[in-house]
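What follows is a single structure, written as structure tokens, with notes after it.
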Amino acid sequence: MTCGLPYANGDLHVGHLRTYVGGDTFARALRTLGQEVAFVSGSDMHGTPVAVNAWQEGVSPEAFALRHHERYEGIFPRFDVDFDNYGHTRTDANVELTQSFVHSLDEAGYVYDEEIEVAWDPEEEQALPDRYVEGACPYCGAHARGDECDEGCGRHLEPGEIEDPTSVVTGNPAEYRTRSHKFFRLSEFREYLGEFIARLDGTSNARNQPHEWIEGELQDWCITRDLDWGIPYPGEEELMLYVWVDAPIEYVASTKEFAESSESTGDDDSPTSDGSAEGAGESFDWERAWAEDGELVHVIGRDIIQHHAVFWPAMLRGVGYNEPRAILASGFVNLDGKAFSTSRDRAVWADDYLAEGFDPDLYRYYVVTATGFQQDTDFSWDRFQERVNSELVGALGNFVYRSLLFAHRTYEGTPESELSTTVRERIEAAIEDFEESVNEYSVRAIGRAPVELAAFGNEYIQRNEPWKLVDEDPDRAAQVIRDCVQLVKAIGVLAAPVMPGTAARLWEQLGESGSIGEITLDAALEAPPETFDAPTELFERIEDGRVAELNEELQVRIEDATSEPGTGAASADADAQEGGEENVDTEAEPAATADEADLEPIVEERIGFEEFQDLDLRVGRIERAEPIEDSDELVRLEVDIGVETRGVVAGLKRLHDTDSLPGQKVVIVANMEKAELFGVESNGMVLAAGEEADLLTTHDDASPGTRVH
RNA sequence: AGCGGGAUGGGAUAGCCAGGAGAUUCCGGCGGGCUCAUAACCCGCAGACCGGUGGUUCAAAUCCACCUCCCGCUACCA
């Protein structure tokens, strides 16, 4: 089992965590079914964003990526996401394995050379891949990165498409050069991929989304870049492999590292080496897993489905490895329906959650059971509190506590009595449901299992009222409490995958000796220990005041992230806001493309009449118009506004014939602050609508100087 | 534009793949009960014509077609 590699660039937020918690829960669930599992992942170290960001920080890409890698490596265990091995894509294991993969593909004839155009910095004699170039979007004109129009229309841009390209690093104008690159014959796998996708298990989005690609035009895949940072193409040291080649191979490399470490340490007692009951002491056979009869399960975010359901299986096929049996593609975690934004601090960070002192199990339970794994979901502290208090504190924690406390006080442990048929059957049904949930890859159902059994427990104890039976019918009382203790034990078994820490505490309270991480489902029906101490509560209620504070903190951050300064945010500022993601409020300037005029949403914030009055709008008549030299857009106008004639600069040159302007009436902002554009003073602003600069005018005979309101 | 995901009582969700007793669970509302339990727990009531329109069927939230509205993806960004 693998989890998608976190990219070594930025912090982890609770949205990222969903994939890892889901994967970890599923991996643990498989183990409780007695399966031998290697659960691996690692950090993705290569690629242009790391190189660019490292450059901007003035550190080496290696140091930059390693720093993030180490943070990730530290955070996962704190959420009880226990990988058997967590490596990264720059380890010797991955470099070697990647090169041998590529070598095999090359040998087998799946790779060919082709010349393509790449952006080039002529002064530095350096290629400028992807995000190393910026310029103007050819579709909407907005400022854009080399690979994507990130601030404007959002389109993906092919190399060579961007206009007026310049280097992000040096600011030099870029030119295009022809370079030879390596292409993987993905198109040859089309038929295979069609069959593969049909038998792929997991979430439906992973199976369905690639249809368009596989059944459409499956293009060959360029697998090299002109970049200093990456794994070299074997035999051609100046070409680096594209990150999406070496990233998934890390799954294999990480498994291999796990195998090697389990070999050297033998049968240690770390919680990660338990594997299966019968495999104790043996090292993990990574080649068997990947190339023989192993089953591969990939847990990813739904944004990288194509890489795992198209590129990756083709590569695996090309080198003769197994194909993935299942892909679980998780939905996103949003805030108020909108995506988290790492760069804008619009997120609940993993570190913050831990700093609040919350038990990781609370979030694990919340995110795993909030909705189906592939569905998007909102994170909110209110919902978090609601679910924790009612389901974890009220149902599960309460049932366990009241049962064990009663048992301890009255019997000093498990009373001597047979398990009733009713309860036995109920637990058997829960086990069966649990197994079915795993087989259906329903992480949500796996997470709900312990709480559902606890709900039954509460009903059961309430209906039988053992506190009355103790006097009235001691045998019956013992029977009921015996049942309840058994239910508690079963709940512990079922809770272990989703809430390992809680399950371990429960196990201890029950007086069980072994580690709950090593038990299988049948333990749910085995007799509990005869004696145990008084229990303590498994969870604490989250109080309203606490939630109010958390909401407030978060709200402040969201508002900061969402509302840009608002006034006078020049585009120079926008440039400084590197790498913004979804971005509702881009500058009003160029928004629409020629064929699709997206209307901007109406600004929600209302203004008062007084604020409107601050605008001094006047009717003016253009007296003279002359183009400004060297400028593509600007025209200098002389506008009669009654009291005086103003010199106003406006961006009308491309859209209006300069000669046709004189005599036209327009509306101008008369109290606009003065500006200097191309060395020409502009004393006022002409109003015009949209991309076409459709000039505002009056239709009767309002004379120049008339106020508009 | 194509593709994917979604639209279920006031809010949040399950069920849909394998169609069948007028639909799950959590919160909220109303009314009871219990007192072993973290004002926790249990029971009952009100509340949904399962986005719209057609179709298939003895039977559709579930299958098919078309439509509307959200969210996302569209390969050389990760």
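Sequence lines set the chain letters: A, B, ... in the order given, protein chains first and strands last, and positions in each chain run from 1. No hydrogens, no waters, no symmetry mates; every other heavy atom, side chains included, goes into these values.
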Options [options], nucleotide nearest the side-chain atoms of [X]:
X	options	answer
Glu459(A)	A37(B), A75(B), C42(B)	C42(B)
Glu212(A)	C17(B), G2(B), A78(B)	G2(B)
Gln462(A)	G33(B), U13(B), G6(B)	G33(B)
Gln209(A)	A78(B), C34(B), G4(B)	G4(B)
Leu186(A)	U38(B), A75(B), C42(B)	A75(B)

Notebook entry, point to check: So, for Tyr460(A) and Phe399(A), is the gap between ring centers shorter than 6.0 Å?
Noted result: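 Judged by ring-centre distance (under 6.0 Å), Tyr460(A) and Phe399(A) do not meet the cut-off.
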
Now, which nucleotide makes the Watson-Crick or G-U wobble pair with [N], with each of the two distances under 3.5 Å?
N	answer
C50(B)	none
C41(B)	G33(B)
A78(B)	none
C17(B)	none
U68(B)	A7(B)
U62(B)	none
G22(B)	none

So what does Val243(A) hit on the nucleic acid, given a heavy-atom distance under 4.0 Å: a base, only sugar-phosphate, or nothing?
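Here Val243(A) touches the backbone only, sparing every base.
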
- Item | Within 6.0 Å of CD in Glu412(A), more than 12 heavy atoms from elsewhere |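 Counting other residues, nucleotides and ligands, CD of Glu412(A) stays at 12 neighbours or fewer.
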
> Counting heavy atoms not belonging to Asp113(A), are there more than 12 under 6.0 Å from its CG?
Replying inline: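 More than 12 within 6.0 Å, yes.
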
Just say parallel, tilted or perpendicular for the rings of [X] and [Y], cut-offs at 30° and 60°.
X	Y	answer
Trp381(A)	Phe384(A)	perpendicular
Phe311(A)	Trp213(A)	tilted
His69(A)	Tyr86(A)	parallel

Within the pair [X] and [N], is there a side-chain N or O less than 4.0 Å away from OP1 or OP2?
X	N	value
Asn208(A)	G5(B)	yes
Tyr242(A)	A75(B)	no
Thr369(A)	U13(B)	no
Arg302(A)	G5(B)	no
Trp244(A)	A78(B)	yes

field: A75(B) base stacked by Trp213(A) (centroids within less than 5.5 Å, tilt under 30°)
entry: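 Trp213(A) ring centre within cut-off of A75(B) base, planes near parallel; stacks.
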
Heavy-atom pair of closest approach, residues Ala206(A) and Leu200(A):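 Smallest interatomic distance, heavy atoms only, reads O-CD2, 4.1 Å.
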
**OP:** Quick one: closest heavy-atom pair of Glu115(A) and Ser180(A), and the distance?
**Re:**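 Nearest pair, atom of Glu115(A) first, then Ser180(A): OE2-CB, 3.9 Å.
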
Taking the same atom, P, in C16(B) and in A7(B), what whole-Å distance lies between them?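 Comparing P positions in C16(B) and A7(B) gives a spacing of 13 Å.
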
Considering only the P atoms, how many Å lie between A23(B) and G44(B), rounded to the nearest integer?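 It comes out at 14 Å once rounded to the nearest Å.
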
Scoring nucleotides 24-29 of chain B by protein non-hydrogen atoms under 4.0 Å (B base, S sugar-phosphate only, - none) yields -SSS--

Margin query: Between Glu57(A) and Arg67(A), does any NZ, NE, NH1 or NH2 come within less than 4.0 Å of an OD or OE carboxylate oxygen?
Written below: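 A salt bridge is present here (some side-chain N lies under 4.0 Å from a carboxylate O).
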
- prompt: What distance separates Arg505(A) CZ from Thr536(A) OG1, expressed to the nearest 0.5 Å?
  reply: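 Answer rounded to 0.5 Å: 7.5 Å.
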
*Where along residues 401-414 of chain A does a heavy atom come under 4.0 Å from RNA chain B, residue by residue in number order?*
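Heavy-atom contacts with RNA chain B come from Tyr401(A), Arg402(A), Leu405(A), Phe406(A), Arg409(A).
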
